[in-house]
Amino acid sequence: MVVRQYNEELKYLEKINPHCWKIKKGFQPNMNVEGVFYVNSTLEKLMLDELRNACRPGMTGGFLPGVKQIANVAALPGIVGRSVGLPDVHSGYGFAIGNMAAFDMSDPKSIVSPGGVGFDINCGVRLLRTNLHEKDVQPIKEQLAQSLFDHIPVGVGSKGIIPMNARDMEEALEMGMDWSLREGYVWAEDKEHCEEYGRMLNADPSKVSLRAKKRGLPQLGTLGAGNHYAEIQVVDEIYDKYAAGKMGLERIGQVCVMIHSGSRGFGHQVATDALVQMEKAMKRDKIETNDRQLACARINSVEGQDYLKAMAAAANFAWVNRSSMTFLTRQAFAKQFKMAPDDLDMHLIYDVSHNVAKIEEHIVDGKPKTLLVHRKV
């Protein structure tokens, strides 16, 4: 194994402002663009310490591998701008977690990579407000927490209580939150506060394996495990009074609920299935990457298009899942406070995805371009 010296590694890293570092070409092989990542002083020290250790045989770290993954993504075909690492960047599968990259749709060599989306497709967060104050919840917080546990199944392999058959599954995968609206699980205005209005229009359930559908069928309305949560929160500080007021967050101590979850076993299976097909496509199209976890396919190949359609179906499943948990959360609060959810002002403020790839228009080098943007944050 070739081990570069600390000073040799460091010459490829340049601090361009107090919170931003540039990764120059050459840090990893075959980089097409530069990388960039954002850190505070604590993470900066961690990176430099790990860089010293990594230059000693047998030494590894947790932060530095994420930086190297940002650089490996910068070597993928068709990437434009920079490979970007956000402040939470750390080692992940293929892409670092906290890594974003965009690929030029007009470049026939451009790729789509499941590693740039993640296994939990359309994992995301949504925030509900209430008109309750912290003092209203404190006396019954244990009962309210238990009510949430009673309504929302949690844990690995948990099964949901939202009734769904195979036909419902097909429709939910295609319709996203429109299915939830039709079935009475969301308010019509919820869609207005959700990314993509809760539905990716290119979803095609026929591109999803039967195994993925079987895994997802019993899991609708379940939180899962790991870092997923349904959490009662309190407004602690208001930075922008005007913006907060527009969102209905008007006072310190106001009670909110945040839900963080994704597409459960369904999305995991969609990603697993795609990776198998893309490894074959890479051999056929002679695509080389610095890391086999960056398995990918040309965007316009059959494998690339099939993945994007299946990924969109998984994204729709995730929105239906979070919508179902929103319904259950509203029911839990209504039961405890003996008031209708509408009377409790339990409106959706936002729903934002952080594991997804989307086609977007951006300005690159002063010119508008259609890009496939991978977000794995």
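When a residue number appears, it is its place in the shown sequence, counting from 1.
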Is it the case that the side chain of [X] and the backbone of [Y] share a donor-acceptor pair, with hydrogens and angles ignored and the cut-off at 3.5 Å?
X      : Y      : value
His151 : Ser147 : yes
Gln305 : Ile299 : yes
Gln293 : Gly94  : yes
Lys141 : Glu134 : no
Ser263 : Asn122 : no

side-chain hydrogen bond (donor to acceptor under 3.5 Å, both in side chains) for Arg375 and Ser353? Distances and angles first, verdict last. CA-CA 9 Å; Arg375 292 185 177 88; Ser353 313; over 6 Å; no
Using the benzene-type ring in the case of Trp, are the ring centres of Tyr350 and His193 under 6.0 Å apart? no
Determine whether the aromatic ring centres of residues His19 and Tyr38 are separated by less than 6.0 angstrom. no
Please step through side-chain hydrogen bond (donor to acceptor under 3.5 Å, both in side chains) for the pair Asn290 and Gln28, ending with a clear verdict. CA-CA 8 Å; Asn290 290 342; Gln28 292 289 87; over 6 Å; no
Would you sort out whether Lys369 and Glu361 count as a salt bridge (Lys or Arg N to Asp or Glu O under 4.0 Å), showing the intermediate values? CA-CA 6 Å; Lys369 280 190 174 291; Glu361 300 289 332; over 6 Å; no
Candidate pair Glu44 and Asn40, rule side-chain hydrogen bond (donor to acceptor under 3.5 Å, both in side chains), full reasoning: CA-CA 6 Å; Glu44 179 181 307; Asn40 59 19; over 6 Å; no
Short N-O contact, Lys280 and Glu303, less than 4.0 angstrom: no
SB check Arg167 Glu171 (cutoff 4.0 Å): yes
How are the rings of Phe266 and Phe317 set to each other: parallel, tilted or perpendicular (split at 30° and 60°)? parallel
So His374 and Phe95, would you call those rings parallel, tilted or perpendicular, with 30° and 60° as cut-offs? parallel
Within 45° of the axis and under 6.0 Å from the centre of the six-membered ring of Trp179, does NZ or CZ of Arg199 qualify? no
